[in-house]
Asks: 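Pasting a structure here, questions to come.
Chain letters run A, B, ... following the sequence lines, proteins first and then strands; every chain starts at 1. Only heavy atoms go into these numbers, but all of them, side chains included; no hydrogens, no water, no symmetry mates.
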Amino acid sequence: MTQTPAPFPERPAADRPDYLQRLNPEQRAAIETTDGPLLVLAGAGTGKTRVLTTRFAHILLSGRARPYQILAVTFTNKAAREMRERIGALLGEPVEGLWLGTFHALCARMLRRHAEYVGLGSGFTILDTDDQLRLLKQVIEPLRIDTKRWPPQGILGVIQRWKDRGLTPERVTPAEDCDFAGGQCRPIYATYQARLVQLNACDFGDLMLHVTEILRTRPDVLAQYHRLFRYILVDEYQDTNTIQYLWLRLLAQREGQPANICCVGDDDQSIYSWRGAEVENILRFERDFPGAAVVRLERNYRSTAQILGAASGLIAHNDGRLGKTLRPGREDASGEKVRVASVWDSDDEARLVGEEVERLRAGGHSLAEIAILVRAGFQTRAFEERLITLGLPYRVVGGLRFYERSEIRDAMAYMRVLNQPADDLAFERIINVPRRGIGAAAMQKFHVAAREGQMPLAAAVMDLIARGALKGRAREQMTALMACLARGREALPREGHVVVVETLLEESGYIDMWKADTSPEAPGRLDNLKELVRALADFESLGGFLEHVALVMENEENAGAERLSIMTLHGAKGLEFDTVFLPGWEEGVFPSQRTLDEGGLKGLEEERRLAYVGITRARHRAVISHAASRRIYGNWQSAIPSRFIEELPAEHVTTTGGAAQARSRTFGHAPLSSTAFPVMARRPRVTDVGEKGPTAAMAVGTRVFHQKFGYGTISSVEGNRLEVAFEKAGPKRVLDTFVEKIP
DNA sequence: TTATTTCAATTTTTT
DNA sequence: ATTGAAATAA
């Protein structure tokens, strides 16, 4: 393993251009080591984005490459946008013609140029998840697969994972074919791909897969990109999957020239293995690119020493790390310790967080600098309810996004059919929305006609109308719909896409459908449709708009409002806040039981990295909490504190709350002054009922009472953790503090 | 063809 | 408890 380079000699400041000022030696090394492979291990809060953007600017300003000769890859559109803005700021002007974007956006751009090599036209459509599923269902329908046992989503998952690994249908070996769908996944995959080509469409995975396949099989195309890209920059390298790795390696390894690839990442923040990311990619970097330099960014400028100490101590429990230790960047006061609060249940937890937030706000803290980071979506509800009663403005980040709403997808489908009459999947989506009396039977008829006539669905419908094979209301409605679309297409060059789409949505009856809808969401949906038409005006053409939406499923709204954020730990990666609440640190919730079951030790380590990501989001304050009981799927479950709590180094942690006081690690310093934690308020007054838990001998066979589960008998004891056979609730694991001995 | 009922699943998510 | 999708009745 390569060592962090020795400190670099300080050159006189005057020698260095402006943009290289005020960087630490490691950051400067990461920027000035321009040629040859370079791995930058950037711990949380160590100035990663700054290094990436400055490196980009440095390559340009030192004359090593023109803007279009640098390939800069990110995972999210947000990261790409931020990078573009910051490069523009460094250079003093916006730069044009950059190859800067997400893996998928860059691949889409490449694939439009070379689509014919994989049997597509350059005007191919990019399908969303709905379309993918609909198409797959069509493919598996004749196979009479038991969709109970093998849900289409699962099959799609298998295909997606193959694509993540760079496996085209031909490359999937029989051994690779899992027993999913009765071992029929391989032929299903092949048919699915063939159908996509017929539709002149591809899914997200295909963007990477097709381009990589082209680069693999067309040396001329590959050479063209080798000549073009002199430098490659990759963000969040620990999140790359196999296909992304293959794509990068193909582009980076040039005959007789150094691989000028710089990957920035942090193995400790790899939290996406479940969607195909391979941490091995970053662990293997030095073997993949011989002679690679490695720079470690370990000076953290974000968090207090206490927070860093807690996070470092926790992550140290993982094996197989590349090894980094975050050091406080500034020697300021060490700050507050990380707090661990024990509460009774999720309502208590929400109350505690709410009170703390109110206190912070009273102390002049901005709500925008506070976040509640949960493991899973179901945890948000208790907080939302509490924040509403307190009148605290909040936002749940990562709910349904604009372009995922059904009315927007419907409207988009109308546009797609307008844009490409052969877009069967879009046509199928709108054909009976609003209701036009087309059910399964009619649909079947259309499909048969389309297959027999070797034509798109829409054309088949026209044909059936012309031949009089359609009767009654269906005929009327279909004639009207087709006329609508035809009028729109004809008017497009004259009236412009905005007006035409607006008219189409009106005349097709789609708008009226929502106007007639009396449900409370309907007005909001109409507003969304207005907003969609407005967004349409920002684009030159319909095609341009559709491409944008397919790749950038984002809405840029309500930023900067004075609200606190509730989001998942995954959603919080890359963000930072003054104060971070980390609720639900209980075995089964965090670490998640499912991850443990499915991923074993690997899964546990990923959960631990998630915990590490959570803590390192905090600049000044981190409050971890765990509840003693939690209602999951309608019934109460007892909960034991997460093992991650015990793994936090004691010297960086303070503990509050009743249950915690029973823990051996707490040396009796009960924070009685803390009015912020009126925890355990709803615990029974134990002295009235029986002896208090921790002081009483808890032996196997002891009869106990539990607030939520009722009466039961202890069946095993493990320190302060009991297993109790409850009379009504069955066997549960509980902490001794939450039961009372029955005399 | 649509409305109703039952039934199961229920982490994390970008593009 | 809640929700969404598939089976079944009107």
Side-chain angles (χ1 to χ4, degrees), chain A residues 73-80 101-109 111 126-129 132-133 137 146-149 151-154 157 160 163-164 202-209 235-236 239-241 243-244 270-277 346 373-382 397-401 403-404 406 432 434-444 472-474 477 547-554 567-574 584 588-599 603 606-607 609-611 613-614 630-637:
Chain A
V73 201
T74 65
F75 269 86
T76 63
N77 291 300
K78 194 175 161 218
T102 63
F103 278 101
H104 296 272
L106 293 166
C107 278
R109 187 167 158 191
L111 191 56
I126 301 166
L127 300 187
D128 64 24
T129 343
Q132 286 179 49
L133 202 61
K137 280 178 181 166
D146 180 5
T147 50
K148 273 264 170 58
R149 270 185 79 194
Q153 280 100 331
Q160 222 126 284
K163 290 187 176 180
D164 284 344
C202 68
D203 64 22
F204 274 110
D206 285 337
L207 292 173
M208 296 285 331
L209 188 70
D235 192 14
E236 306 280 17
D239 287 338
T240 50
N241 60 32
I243 186 88
Q244 287 159 341
S270 158
I271 55 175
Y272 283 112
S273 73
W274 49 273
R275 69 178 195 209
S346 56
L373 308 183
V374 297
R375 176 61 181 79
F378 70 84
Q379 292 173 265
T380 62
R381 210 178 70 183
V397 180
L400 252 200
R401 288 170 309 162
Y403 290 106
E404 282 169 358
S406 65
N432 205 31
R435 295 262 131 87
R436 295 190 179 94
I438 304 298
M443 231 23 247
Q444 184 77 22
R473 203 171 69 232
Q477 297 273 343
E547 172 90 350
H548 173 82
V549 173
L551 292 169
V552 189
M553 298 266 292
E554 284 179 352
M567 61 178 98
T568 63
L569 288 160
H570 284 92
K573 197 170 92 162
V589 175
F590 189 36
S592 135
Q593 191 57 51
R594 191 150 159 193
T595 304
L596 257 35
D597 292 344
E598 287 168 11
E606 182 148 315
E607 294 283 297
R609 291 194 290 268
L610 202 48
V613 167
R630 192 172 286 276
R631 200 160 58 167
I632 294 170
Y633 310 140
N635 45 0
W636 287 95
Q637 305 260 233

Asks: From CG of A:D239 over to C1' of B:dT12, roughly how many Å is that when rounded to an integer?
Replies: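 Whole-Å distance recorded here is 12 Å.
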Asks: Base, sugar-phosphate, or nothing for A:A440, non-hydrogen atoms under 4.0 angstrom?
Replies: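 Result for A:A440 = sugar-phosphate.
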Asks: To the nearest Å, give me how far apart NE2 (A:H570) and C1' (B:dT11) are.
Replies: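 In whole Å, B:dT11 C1' and A:H570 NE2 are 8 Å from each other.
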Asks: For A:M208 and B:dT14, give me the distance from atom CE to atom P, rounded to whole Å.
Replies: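 After rounding, the reported distance stands at 18 Å.
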Asks: When you compare the side chain of A:Q379 with that of A:V589, does any pair of heavy atoms fall below 4.5 Å?
Replies: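 The answer is yes, as the side chains (C-beta and beyond) meet within the 4.5 Å cut-off.
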Asks: Could you tell me from which nucleotide to which nucleotide of DNA chain C, 5' to 3', there is an atom under 4.0 Å from chain A heavy atoms?
Replies: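 Answer, 5' to 3': C:dA1 to C:dT2.
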Asks: Contact class for A:D203 (heavy atom, under 4.0 Å): base, sugar-phosphate, or nothing?
Replies: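 Here A:D203 touches no strand at all.
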Asks: For the side chain of A:A442, starting at C-beta, report the closest nucleotide among B:dT1, B:dT15, B:dT13.
Replies: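 Within the option list, the nearest is B:dT1.
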Asks: May I ask you to decide if A:F590's main-chain N or O and A:E607's side chain share a donor-acceptor pair within less than 3.5 Å?
Replies: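 Absent.
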Asks: Classify A:F75 by what it touches in the nucleic acid, base, sugar-phosphate, or nothing, heavy-atom distance under 4.0 Å.
Replies: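 Sugar-phosphate, no base atom in range.
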Asks: Please check the phosphate of B:dT13 (OP1 and OP2 only) for any side-chain N or O of A:T568 closer than 4.0 Å.
Replies: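 Answer is yes, contact under 4.0 Å.
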Asks: Nearest whole angstrom, please: distance from the C1' of B:dT15 to the NE2 of A:H548.
Replies: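 Atom-to-atom, A:H548 to B:dT15, this comes out as 13 Å.
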Asks: Does a side-chain heavy-atom distance below 4.5 Å link A:K163 with A:M208?
Replies: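 Result no, sub-4.5 Å side-chain heavy-atom pair not found.
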Asks: Is the ring of A:F378 stacked on the base of B:dT10, with centres less than 5.5 Å apart and planes under 30° off?
Replies: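 Per 5.5 Å and 30° rule: no stacking.
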Asks: Rounding to an integer number of angstrom, what distance separates C:dT2 and B:dT13 when you compare their P atoms?
Replies: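 Per the computed distance, 22 Å lies between those P atoms.
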Asks: Contact class for A:A441 (heavy atom, under 4.0 Å): base, sugar-phosphate, or nothing?
Replies: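 Contact class for A:A441: sugar-phosphate only.
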Asks: Check the distance between B:dT14's P and A:I126's CD1 and give it to me in whole angstrom.
Replies: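 Distance, rounded to whole Å: 17 Å.
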Asks: From the list B:dT12, B:dT15, B:dT11, which nucleotide is the closest neighbour of the side chain of A:F204?
Replies: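 Nearest nucleotide to the side chain: B:dT15.
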Asks: Please state how far atom CE in A:M443 lies from atom P in B:dT2, giving the value in whole angstrom units.
Replies: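 Distance, rounded to whole Å: 13 Å.
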Asks: Which pair of non-hydrogen atoms, one from A:Q477 and one from A:R435, has the smallest distance, and what is that distance?
Replies: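 Scanning both residues completely, I find the closest heavy atoms to be OE1-O, 4.4 Å.
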Asks: Considering only heavy atoms and no angle criterion, is a donor-acceptor pair shorter than 3.5 Å present between the side chain of A:T595 and the base of B:dT11?
Replies: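 It does, because a donor-acceptor pair links the side chain of A:T595 to the base of B:dT11 below 3.5 Å.
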Asks: Dot-bracket for DNA chain B, please. Rules: Watson-Crick or G-U, both distances under 3.5 Å, ( ) within the strand, [ ] when a pair crosses earlier ones, | for another strand, . otherwise.
Replies: ||||||||||.....
Asks: Of all the heavy-atom pairs spanning A:S346 and A:R630, show the shortest one and how long it is.
Replies: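 Of all heavy-atom pairs spanning A:S346 and A:R630, the closest is CB-NH1, 3.7 Å.
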Asks: Please give, in whole Å, the distance from B:dT11 P to A:R609 CZ?
Replies: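 My rounded result for the distance is 20 Å.
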Asks: Specify the closest pair of heavy atoms between A:T74 and A:A79, including all atoms of both residues, with the distance to one decimal.
Replies: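 Reported closest heavy-atom pair: CB-CB, 3.9 Å.
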Asks: Rounding to an integer number of Å, can you tell me how far A:N241 CG sits from B:dT15 P?
Replies: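 Interatomic distance, CG of A:N241 to P of B:dT15: 14 Å.
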Asks: Looking only at side-chain atoms of A:E598, point me to the closest of B:dT11, B:dT15, B:dT13.
Replies: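 It is B:dT11.
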Asks: With a 4.5 Å cut-off on side-chain heavy atoms, are A:T595 and A:R375 touching?
Replies: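 In short, these two side chains touch, coming nearer than 4.5 Å.
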Asks: Between B:dT15, B:dT13, B:dT10, spot the one nearest the side chain of A:R594, thanks.
Replies: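 The answer is B:dT10.
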Asks: Of A:D206, A:V549, A:L551, A:D203, which is the lone residue that meets side chain to side chain contact (heavy atoms under 4.5 Å, CB included) with A:I126?
Replies: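 So, applying the side chain to side chain contact (heavy atoms under 4.5 Å, CB included) to A:I126 and each of A:D206, A:V549, A:L551, A:D203, only A:L551 qualifies.
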Asks: Is any side-chain heavy atom of A:W274 closer than 4.5 Å to one of A:E606?
Replies: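 A side-chain contact exists here, since the closest heavy-atom pair is under 4.5 Å.
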Asks: Using the closest heavy atom to pick a nucleotide of DNA chain B for each, name whichever of A:V397 or A:R436 lands nearer the 5' end.
Replies: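 It is A:R436, whose closest nucleotide lies nearer the 5' terminus.
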Asks: Does B:dT14 have its OP1 or OP2 closer than 4.0 Å to a side-chain nitrogen or oxygen of A:N77?
Replies: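 Checking A:N77 against B:dT14: no side-chain N or O falls below 4.0 Å of OP1 or OP2.
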Asks: Locate the shortest heavy-atom distance separating A:H570 from A:L610; write the atom from each residue and the value.
Replies: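 Between these two residues, the closest heavy atoms are CE1-CD2, 3.5 Å.
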Asks: Contact class for A:G377 vs. all strands (heavy atom < 4.0 Å): base, sugar-phosphate, or nothing?
Replies: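 Sugar-phosphate contact only.
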Asks: Would you say B:dT14 has OP1 or OP2 under 4.0 Å from some side-chain N or O of A:Y403?
Replies: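 For B:dT14, neither OP1 nor OP2 has a side-chain N or O of A:Y403 closer than 4.0 Å.
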Asks: Mind checking whether A:F75 and A:T240 have side chains closer than 4.5 Å, heavy atoms only?
Replies: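 The answer is yes; the side chains approach within 4.5 Å.
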Asks: Check whether any side-chain N or O of A:N432 sits under 4.0 Å from OP1 or OP2 of B:dT1, and answer yes or no.
Replies: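 For B:dT1, neither OP1 nor OP2 has a side-chain N or O of A:N432 closer than 4.0 Å.
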Asks: Considering only B:dT13, B:dT15, B:dT2, which nucleotide approaches the side chain of A:T76 most closely?
Replies: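 That would be B:dT15.
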Asks: Could you check A:L551 against A:E607 and say which one's nearest nucleotide on DNA chain B is further toward the 5' end?
Replies: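 Its nearest nucleotide being more 5', the pick is A:E607.
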